[in-house]
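Right, one structure below, let's go through it.
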Amino acid sequence: MNTSDEIVQLIKELVEIPSPSGNTENVISFVEKYVADLHVEMKRNHKGGLIITLPGEDTTKQRMLTAHVDTLGAMVKEVKANGRLMIDLIGGFQYNSIEGEYCQIETANGDIYTGTILMHQTSVHVYKDAGKLERNQKNIEVRIDAVVKNADDVRKLGIEVGDFISFYPRVEITPTGFIKSRHLDDKASVAILLNLIKQLVKENISLPYTTHFLISNNEEIGYGGNSNIPKETVEYLAVDMGAIGDGQATDEYTVSICAKDASGPYHYGLRKKLVNLARMHHIDYKVDIYPYYGSDASAAIRSGNDIVHGLVGPGIDASHAFERTHTSSLIHTANLLYYYVQSDMTY
């Protein structure tokens with residue numbers, strides 16, 4: 001059975017590495033270094049993701065599990081005349097979810113500048129309707145922590161259109177067992193998979209089927225896990241966040257098993273098997289539907305892969321904003337995956 005200490009530490013390290021979709025080299029390198037100590041087979045795909053393979057007794061039928069290290073973020077859309085930056089969003093979120101957030105800007109030369117994401121009309125002493133104005137691309141801007149008074153000053157720093165903007169995670173682990181941070185989607189699940197790989201290797205567990213672990217890096221923009229799926233793959237399980245809100249069964253304390261998202265139902269047989277494994281091993285779980293959601297597994301199906309697909313993950317509150325989960329959800333997710341990779345195929 002799993003404990004959460006190493007998973008939580010891994011989450012902390014992962015979320016503190018900026019990795020918006022399109023700029024994930026540093027976090028993939030971190031994962032490579034972590035896995036290198038285990039002396040397992042791994043390779044990068046051309047998209048920059050990482051595929052880790054553990055051999056199994058049966059090589060004719062194989063499994064793939066995936067979690068993604070890319071996060072929400074932004075790019076510089078325009079260097080404004082006032083010395084601030086207009087931004088363009090990377091991933092599906094709302095401008096109000098980043099208002100007031102600290103950020104960093106990475107130039108093409110690799111220089112880093114810090115800043116704050118603010119409404120142009122922030123000061124209530126100047127703008128009467130500051131609280132009523134729409135949070136949108138026109139009104140939201142980045143205030144750079146440098147002496148810049150106009151666009152020329154900004155460009156002298158090397159900041160230009162297309163530079164990546166990353167949001168500070170502000171990770172905190174509370175005495176009550178909560179992990180609060182941006183980017184738990186999906187770095188919490190990446191930490192769970194890395195811990196699982198390490199556990200399987202250290203315990204010298206013989207898997208029934210060769211199993212691939214894809215650490216994908218373009219999920220937030222829709223195509224992280226839709227390729228590099230070995231033709232022998234029968235089951236494909238995305239490990240991503242469970243969505244919490246009104247009408248949702250998912251909570252922060254159990255593993256969430258997805259029945260359906262915006263792409264349609266997940267494979268019924270695999271879903272039932274995951275539920276049976278949870279019941280058999282006394283793992284707390286919830287079955288749920290995520291109405292506005294897509295995963296690497298649904299991207300793989302859309303790409304025409306002939307696979308059995310599923311989706312599980314820890315419950316994450318306030319997704320794509322100020323996220324939080326609990327160690328108990330991490331443990332239940334980790335335990336379900338531990339038993340899943342040792343189970344028989346659905347068919």
Side-chain angles (χ1 to χ4, degrees), residues 2 4 7 11 65-68 72 91-94 97 177-181 183-193 196 219-220 222 224-225 235-302 307-340 343 346:
N2 283 277
S4 62
I7 294 173
I11 292 172
L65 290 80
T66 182
H68 67 91
L72 307 174
F93 62 102
Q94 303 297 318
S97 71
F178 290 100
I179 301 95
K180 302 193 296 183
S181 179
H183 313 318
L184 295 179
D185 173 17
D186 186 33
K187 290 181 175 180
S189 295
V190 173
I192 290 169
L193 284 192
L196 172 62
E219 191 274 348
E220 294 293 358
E235 289 184 355
Y236 184 115
L237 184 65
V239 187
D240 209 328
M241 51 147 281
I244 295 174
D246 292 343
Q248 297 297 106
T250 301
D251 59 32
E252 296 174 83
Y253 314 105
T254 59
V255 56
S256 183
I257 300 172
C258 185
K260 174 185 177 294
D261 65 12
S263 69
Y266 284 79
H267 192 276
Y268 192 30
L270 179 53
R271 190 236 294 184
K272 289 193 289 186
K273 183 173 79 170
L274 292 166
V275 169
N276 289 335
L277 284 171
R279 289 173 176 170
M280 185 185 309
H281 297 286
H282 309 289
I283 295 167
D284 291 341
Y285 73 94
K286 297 287 172 55
V287 175
D288 210 353
I289 291 172
Y290 314 149
Y292 309 111
Y293 192 114
S295 73
D296 274 335
S298 53
I301 286 289
R302 284 195 179 100
I307 51 174
V308 171
H309 76 314
L311 169 60
V312 302
I316 305 291
D317 188 49
S319 58
H320 284 197
F322 306 101
E323 296 170 350
R324 189 184 78 167
T325 192
H326 194 269
T327 52
S328 57
S329 185
L330 302 176
I331 292 169
H332 288 305
T333 303
N335 287 334
L336 179 58
L337 295 175
Y338 178 77
Y339 292 114
Y340 165 68
S343 69
T346 302

V239 to S189 - nearest heavy-atom pair and separation: O-CB, 3.2 Å
Polar side chain donor-acceptor pair, S295 to D240, under 3.5 angstrom: no
Donor on one side chain, acceptor on other, Y290 and S256, under 3.5 Å: yes
Ion pair check, E252 and R324, cut-off under 4.0 Å: yes
Atom pair OG1/CG of T250 and D288 - distance to nearest 0.5 Å: 3.5 Å
Distance-only donor-acceptor check, side chains Y253 and T325, under 3.5 Å: no
A259 to I289 - nearest heavy-atom pair and separation: CB-CG1, 4.4 Å
Test of ring centre spacing under 6.0 Å for H326 and F178: yes
Verdict with supporting geometry, I283 and T254, side chain to side chain contact (heavy atoms under 4.5 Å, CB included): CA-CA 8 Å; I283 295 167; T254 59; over 6 Å; no
From OG (S319) to CZ (F93), nearest 0.5 Å: 12.5 Å
Euclidean distance, Y338 OH relative to I331 CD1, rounded to 0.5 Å: 15.0 Å
Verdict with reasoning, I257 to L336, per side chain to side chain contact (heavy atoms under 4.5 Å, CB included): CA-CA 10 Å; I257 300 172; L336 179 58; 4.2 Å; yes
Sidechain-backbone polar pair: Q248 side chain, A243 backbone, donor-acceptor under 3.5 Å: yes
For D251, all residues meeting salt bridge (charged side-chain N to carboxylate O under 4.0 Å, His left out), sequence neighbours excluded: K286
Chi angles and distances behind the side chain to side chain contact (heavy atoms under 4.5 Å, CB included) call for L72, D185: CA-CA 9 Å; L72 307 174; D185 173 17; 5.9 Å; no
Side chain proximity check, P314 to V255, heavy atoms < 4.5 angstrom: no
Derivation and outcome, side chain to side chain contact (heavy atoms under 4.5 Å, CB included), residues H320 and E220: CA-CA 10 Å; H320 284 197; E220 294 293 358; 3.4 Å; yes
Other residues, nucleotides, ligands: >12 heavy atoms within 6.0 Å of Y268 OH: no
side-chain hydrogen bond (donor to acceptor under 3.5 Å, both in side chains) assessment of N335 paired with H281: CA-CA 8 Å; N335 287 334; H281 297 286; over 6 Å; no
From CG (D296) to OG1 (T66), nearest 0.5 Å: 4.0 Å
Closest heavy-atom pair and its distance - L274, Y340: CD2-CD1, 3.9 Å
Heavy-atom pair of closest approach, residues G225 and Y236: O-OH, 2.7 Å
Pairs meeting criterion salt bridge (Lys or Arg N to Asp or Glu O under 4.0 Å) with involvement of residues 256-285, two or more places apart: E235-K273
OG on S329 to CD1 on I192, rounded to 0.5 Å: 7.0 Å
Taking every non-hydrogen atom, the tightest pair across I316 and E323: CG2-CB, 3.6 Å
Closest heavy-atom pair and its distance - A300, I307: CB-CD1, 3.8 Å
OG1-CE distance between T333 and M241, expressed to the nearest 0.5 angstrom: 12.0 Å
